[in-house]
K.L.:
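Just dropping this structure here.
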2 protein chains.
Amino acid sequence: MPKKIAVVLAGCGRMDGSEVHESTLSLLYLAQGGALYHCFAPNDPQVAVIDNLTGKVSEGATRNQMVEAARIARGKIQPLADLEPSEFDGLVVPGGSGGFKNLSVGPGNVHPQLRRVVEGFYNAGKPMAFICIAPVLAARVLGVQGVELTIGNDAETAAEIERTGAHHIVARVNECVADETLKVVSTPAYMLGPGIADIAAGIQSCIKKLLSWA
Amino acid sequence: MPKKIAVVLAGCGRMDGSEVHESTLSLLYLAQGGALYHCFAPNDPQVAVIDNLTGKVSEGATRNQMVEAARIARGKIQPLADLEPSEFDGLVVPGGSGGFKNLSVGPGNVHPQLRRVVEGFYNAGKPMAFICIAPVLAARVLGVQGVELTIGNDAETAAEIERTGAHHIVARVNECVADETLKVVSTPAYMLGPGIADIAAGIQSCIKKLLSWA
């Protein structure tokens with residue numbers, strides 16, 4: 001039986017949604033690893049709509065996180081509220097500052113549906129992968145467990161992770177950090193960059209680790 | 001010196017823009033092949049705005065092809081009108097039915113800026129790669145040269161290609177068809193599918209061939 005992995009997206013495009021390369025490469029390496037993936041996203045408006053060319057906020061515009069993430073998922077996506085950890089063998093959360101904000105629902109917070117899901121996978125002893133800035137979300141839920149995570153080497157973000165009780169491990173872009181006890185793996189991706197080939201190597205190792213536990 | 005490859009996008013998301021996986025994997029294999037890529041898109045409104053979850057047209061909504069394609073290009077994108085074939089060693093055009101419509105500007109047509117670019121690369125003897133449905137655009141410009149192309153095995157689309165004077169070659173998703181004389185390579189990608197690992201194999205072989213000529 002192929003492993004079933006849930007992937008949580010939140011919009012499409014790094015400034016106001018999930019980072020496109022990180023999301024797509026997660027799906028690629030899951031499929032190449034023989035897993036079936038299924039995408040989920042909050043059925044909520046994005047925190048903002050941002051022109052990904054100029055960086056300007058489109059005042060008054062609204063876009064739905066799930067509808068936009070369907071561009072990455074090729075239409076096969078369900079509301080995050082419908083994600084049942086019991087039906088999956090593992091979880092992947094790609095990055096992107098916009099997706100991070102959508103999944104945070106305010107500074108220091110975690111979207112209640114994502115918190116429920118992460119706690120569900122953790123309680124079931126099922127593995128999870130967090131990419132780029134998404135490990136901060138993992139820290140906010142699992143910091144109390146002392147989870148080991150990486151976002152690369154950004155001091156401020158590492159400090160935010162450490163404040164939750166989680167441990168931050170410096171890593172290079174082509175590496176992942178694996179917490180073997182909690183079955184949580186992370187990789188810096190575009191927190192470090194610089195290019196798609198660099199982040200692909202890290203995401204590939206991250207997904208390989210996830211599937212080895214699944 | 002690394003090879004410089006121009007990638008032409010037209011929106012973000014297969015229904016009303018460039019297909020996200022095909023576009024991202026083109027960038028991946030270009031970078032892994034040691035090339036530098038630069039993205040371009042028409043600085044024009046999309047032909048339509050379509051909900052990629054439901055397939056419904058968002059009546060009255062407008063989105064700019066270049067601004068949306070910036071989600072794939074991570075903000076590094078220029079107007080297609082600024083693409084000078086003399087500055088690049090090769091060209092890649094990913095697919096997606098929406099991107100195809102944006103780059104067609106009407107049934108049977110080719111966006112004048114894309115026509116200029118394809119003719120420029122052809123006249124300079126520089127290689128080009130067309131993915132998924134994009135080979136139909138190549139046929140509309142280079143059919144008179146008898147270019148060999150594939151879109152997989154869809155009879156109606158193959159017939160449209162043949163009507164231009166181009167030759168359609170049936171191919172599998174993990175294969176590419178290379179016209180060694182005209183230096184044009186194509187692969188069926190999501191014209192066949194079924195999954196991202198399948199199309200990745202074809203796109204990888206397609207980009208490898210392109211770079212071997214560049």
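First the proteins, then the strands, lettered A, B, ... as listed; each starts at 1. Excluded from the calculations below are hydrogen atoms, water molecules and symmetry mates; all remaining heavy atoms, backbone and side chain alike, are included.
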K.L.:
For the CD atom of B/Glu22 and the OG1 atom of A/Thr24, what is their distance to the nearest 0.5 Å?
P.N.:
11.0 Å

K.L.:
Please name the pair of heavy atoms, one in A/Leu27 and one in B/Ile196, separated by the smallest distance, quoted to 0.1 Å.
P.N.:
O-CG2, 3.7 Å

K.L.:
Counting only heavy atoms not in B/Glu156, do more than 12 fall under 6.0 Å of its CD?
P.N.:
no

K.L.:
Measure the spacing between CZ of B/Arg71 and CD of A/Glu19 and express it to the nearest 0.5 Å.
P.N.:
11.5 Å

K.L.:
Is chain B contacted by the side chain of A/Leu30, its backbone, both, or neither, given a heavy-atom distance below 4.5 Å?
P.N.:
neither

K.L.:
What distance do B/Cys12 atom SG and A/Ile72 atom CD1 have between them, rounded to the nearest 0.5 Å?
P.N.:
7.0 Å

K.L.:
How many angstroms lie between atom CG of B/Asp51 and atom CD of A/Glu68, to the nearest 0.5 angstrom?
P.N.:
8.0 Å

K.L.:
Side chains of A/Val67 and B/Asn52: closer than 4.5 Å at any heavy-atom pair?
P.N.:
no

K.L.:
Verify, without hydrogens or angle tests, whether B/Arg74 (side chain) and A/Arg14 (backbone) share a donor-acceptor contact under 3.5 angstrom.
P.N.:
no

K.L.:
Check the surroundings of atom CZ in B/Arg115: do more than 12 heavy atoms from other residues, nucleotides or ligands lie under 6.0 Å from it?
P.N.:
yes

